[in-house]
Colleague: 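A single structure is presented below for examination.
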Amino acid sequence: MGLIENLKTYSEESNLSEDKKELFNSFLSKGFPTNKDEEWKYTSLKKIVASDYNLNSNASDIDNNTIKKYSLGVKDKIVFLDGKLIYYPEIKGVKIFDYSEFECRNDDALNELNSALANNGYNLVVEKNIVVEHPIEVLFFNTTENGFSQYRNKIDIGENSEIKLVEKIQDLSNSSTLENHFTQINCDKNTKVEFNKIQNNTKESKLINCMNIYQEKDSTCEVNTLIFGGSFVRNNLNFEQNGSNCESNMNGISLLDGNQLADNHTFVDHKTAHCRSNEMYKGIYLGDSKGVFNGKIMVRKDAQKIDAFQSNNNLLLSESSTIDSKPQLEIYADDVKCSHGCTIGQLDEEALFYMRSRGIGVEEAKAVLTYAFASEVIEKITVPEIQFLTKKLIASKLNVDLDFSL
Amino acid sequence: MLKIKNLKVGIEDNQILKGINLEVNAGEIHAIMGPNGSGKSTLSSIIAGKEEYEVEEGSIDFDGEDLLELDPEERAHKGVFLSFQYPIEIPGISVSNFIKTSLTEKRKALGLNSLPTKDLLKMMREKMELLSIKKGYLSRNMNEGFSGGEKKRNEIFQMAMLEPKLAILDETDSGLDIDALKIVANGVNKLRSENNATVIITHYQRLLDHIVPDFVHVLYDGKIIKSGGKELALELEEKGYDWITKQSEE
């Protein structure tokens, strides 16, 4: 049958409103994107959507130990289980609600599918003048075998407020699952947001994660994307700057092996003058893994004095791993500073010998150099628990017993 | 400790070492001198285990073991240390992280537990003092942006931490000003014991004013053409390499 048929059956069984029916039909008329679509040229959904998925999720339980096992160990957690919001913290100045509908401006097929059929997610509102002291972790657990699930989340940050978030999707069914997430962040004036994505799901899990961020004057928003697990990950990260003195920062580490594929698509829309964006994505590829990076920077006509920087550096550590990297600059203003750089390389043989001569074994030396390559990104993360976890994941993925500390 | 017998080494079709014989015992300091291109650095690289060279003939025995059969890291675990002529920069790894990793891996290979961080830091501070290394240095990235002198001092610092049986100092004196040279020499002298040995590879006599060798060997065109006591270095300084190479050619 395939996912389209599963979705049709599901939509007929659901009591969709007229608006949603319209969205769903629009999705159907477009269908899932294919390699003919420029934005999906190097990443194929064909096999993924040819499989059947279970759209009716389990009603199951989860014990605290399981939550603890996959949690970062931070105090405040929002926990979802098979779509249901089962836990959220009480924090002064922060309101957390279950899913409520909202519209987004994207009209691509996957977003339409999400807005038509998603009925789970959270809405987090930070009031004005609140500095949320501790990072909040959002955990999405799935126990539904071969489940297809969608979440639709909205985060509103009030003026002069600050928050740090961590998002993690965890499959517990150990089957071939697909998730389609959409998250919108509205950053009001003079806000500061750090959003971390830890994408280290099970072997056969697949993820499409779209994030839209709207920034007002004097706001800074940083998104760190850390990809270690899952067979397929596609991230669409879109920033829109709507006021002066905005800063948008994106950092990423992809460390892949086997047949993993990770695709990071970023888009920064500089609509106003005197703003900045910084992008630093590092990819490390082993086995038959594949990376895709597509970074687009748009500077609109009146957006003068923009300072935009983008880099995508890659290490290919095996014969058969690949990376497709595509920077795109579209500049319509005449007084801007924009640059981009892309590198593809291997580990430095001289450095490997140097380390081996100091007693560090080959695999450990390679791991240290790989860590060194990624460390620039790790340093950007301000939550120590995430830094620690990232180091641990690098070591475990490279099969070495090192902690990269001191 | 180290016995090199009739060692012939080449790279691609060039023979660089043409039959080296050298014996170094515990407690000794040897200096190997020679003009540029005589094979000094090849000799040190081959002892440390660099892979692009081809050993055509001969053997290197280290404490009764065939050194040429061992990987570079195994040689380090057994106590061989090479101070690089051109130390490598590794951005993203702090000096302390690097040294901790190499010490931990060495201890692991020897069946020892890793040192508690507290003890490790204490040891680092002691060795830093020995080499007049300033605070803040440990958190700098490995050799990144270091001056020539700082890089060489960093090599000796690692040597002090790893406590090798056999240390080979490859042109450690080049790029050092006289103050740094004295500090490095002082460090090497203090680390000296009856149980370890040092091979100093150098072009100049200068370092040997501060680290007094027991033996001096002159390497020329892939062969040791003359060996003697410390006075040989002075003679070389005075008369130049020509004096001895002419003798050898005759």
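Letters A, B, ... are given to chains in the order of the sequence lines, protein chains preceding strands, and every chain is numbered from 1.
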Colleague: Just give me the residue among B/T101, B/L82, B/I99, B/V95 that pairs up with chain A most often, heavy atom to heavy atom, under 4.5 Å.
Modeller: B/T101
Colleague: Given heavy-atom pairs under 4.5 angstrom as the criterion, report whether the side chain, backbone, both or neither of B/K108 touches chain A.
Modeller: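 Answer is side chain: those atoms of B/K108 sit under 4.5 Å from chain A.
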Colleague: Among B/E74, B/K50, B/H77, which residue has the highest count of heavy-atom pairs closer than 4.5 Å to chain A?
Modeller: B/K50
Colleague: Chain A heavy atoms under 4.5 Å from B/L120: which part of the residue, side chain, backbone, both or neither?
Modeller: side chain
Colleague: Charged N to carboxylate O under 4.0 angstrom, B/K78 versus B/D63?
Modeller: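 The answer is no: the pair does not qualify as a salt bridge.
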Colleague: Please flag which part of A/E364 lies under 4.5 Å from any non-hydrogen atom of chain B: side chain, backbone, both or neither.
Modeller: side chain
Colleague: Please state whether the side chain, the backbone, both or neither of A/L402 comes within less than 4.5 Å of a heavy atom of chain B.
Modeller: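 Side chain only.
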Colleague: With a 4.5 angstrom heavy-atom cut-off, which part of A/F404 approaches chain B: side chain, backbone, both or neither?
Modeller: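 Contact with chain B: backbone and side chain both.
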Colleague: With a 4.5 angstrom heavy-atom cut-off, which part of B/F81 approaches chain A: side chain, backbone, both or neither?
Modeller: side chain
Colleague: Before accepting this row, confirm whether a basic side-chain N of the pair B/K100/A/D403 lies closer than 4.0 Å to the acidic partner's carboxylate O.
Modeller: yes
Colleague: Looking only at the side chains, is there a donor atom on one of A/N209 and A/E167 sitting less than 3.5 Å from an acceptor on the other?
Modeller: yes
Colleague: Please work out which of the three classes, parallel, tilted or perpendicular, describes the rings of A/Y281 and A/F293, given edges at 30° and 60°.
Modeller: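 Rings of A/F293 and A/Y281: tilted, as their planes differ by 30° to 60°.
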Colleague: If I measure from the heavy atoms of chain A, does B/E51 come under 4.5 Å with its side chain, its backbone, both, or neither?
Modeller: side chain
Colleague: Considering only heavy atoms, which portion of B/S114 lies under 4.5 Å from any heavy atom of chain A: side chain, backbone, both, or neither?
Modeller: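 For B/S114, there is no contact with chain A at all, as no heavy atom is under 4.5 Å.
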Colleague: Is it the side chain or the backbone of B/M124 that comes within 4.5 Å of chain A heavy atoms, both, or neither?
Modeller: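 Only the side chain of B/M124 comes within 4.5 Å of chain A.
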Colleague: Counting heavy-atom pairs under 4.5 Å with chain B, which one of A/G361, A/A374, A/A351, A/S405 comes out on top?
Modeller: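 Greatest number of close heavy-atom pairs with chain B: A/S405.
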Colleague: What part of A/L369 lies closer than 4.5 angstrom to a heavy atom of chain B: side chain, backbone, both or neither?
Modeller: side chain
Colleague: For chain B, which of A/E349, A/R356, A/E379 has the most heavy-atom pairs under 4.5 Å?
Modeller: A/R356
Colleague: Contact between B/I47 and B/I4 at the side-chain level, heavy atoms closer than 4.5 Å - yes or no?
Modeller: yes
Colleague: Would you kindly check if the NZ (Lys) or CZ (Arg) of A/K290 is within the cone defined by 45 degrees around the ring axis of A/Y42 and under 6.0 Å from the six-membered ring centre?
Modeller: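 Geometry flag: not set, cation outside 6.0 Å or 45°.
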Colleague: Does one side chain, of A/E137 or A/S71, offer a donor that lies under 3.5 Å from an acceptor on the other?
Modeller: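 Yes, A/S71 and A/E137 have a side-chain donor paired with an acceptor closer than 3.5 Å.
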Colleague: Would you check if the side chain of B/N189 reaches a backbone N or O of B/A185 as a donor-acceptor pair within less than 3.5 Å?
Modeller: yes
Colleague: What part of B/M142 gets within 4.5 angstrom of chain A, counting heavy atoms only: side chain, backbone, both, or neither?
Modeller: side chain
Colleague: By a 4.5 Å heavy-atom criterion (distance strictly below it), what part of B/A48 contacts chain A: side chain, backbone, both, or neither?
Modeller: both
Colleague: Are any of the side-chain heavy atoms of B/K127 and B/E163 separated by less than 4.5 Å?
Modeller: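 The answer is yes; the side chains approach within 4.5 Å.
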Colleague: Anything under 30° is parallel, anything over 60° is perpendicular, the rest tilted; go ahead and classify A/Y354 against B/F84.
Modeller: perpendicular
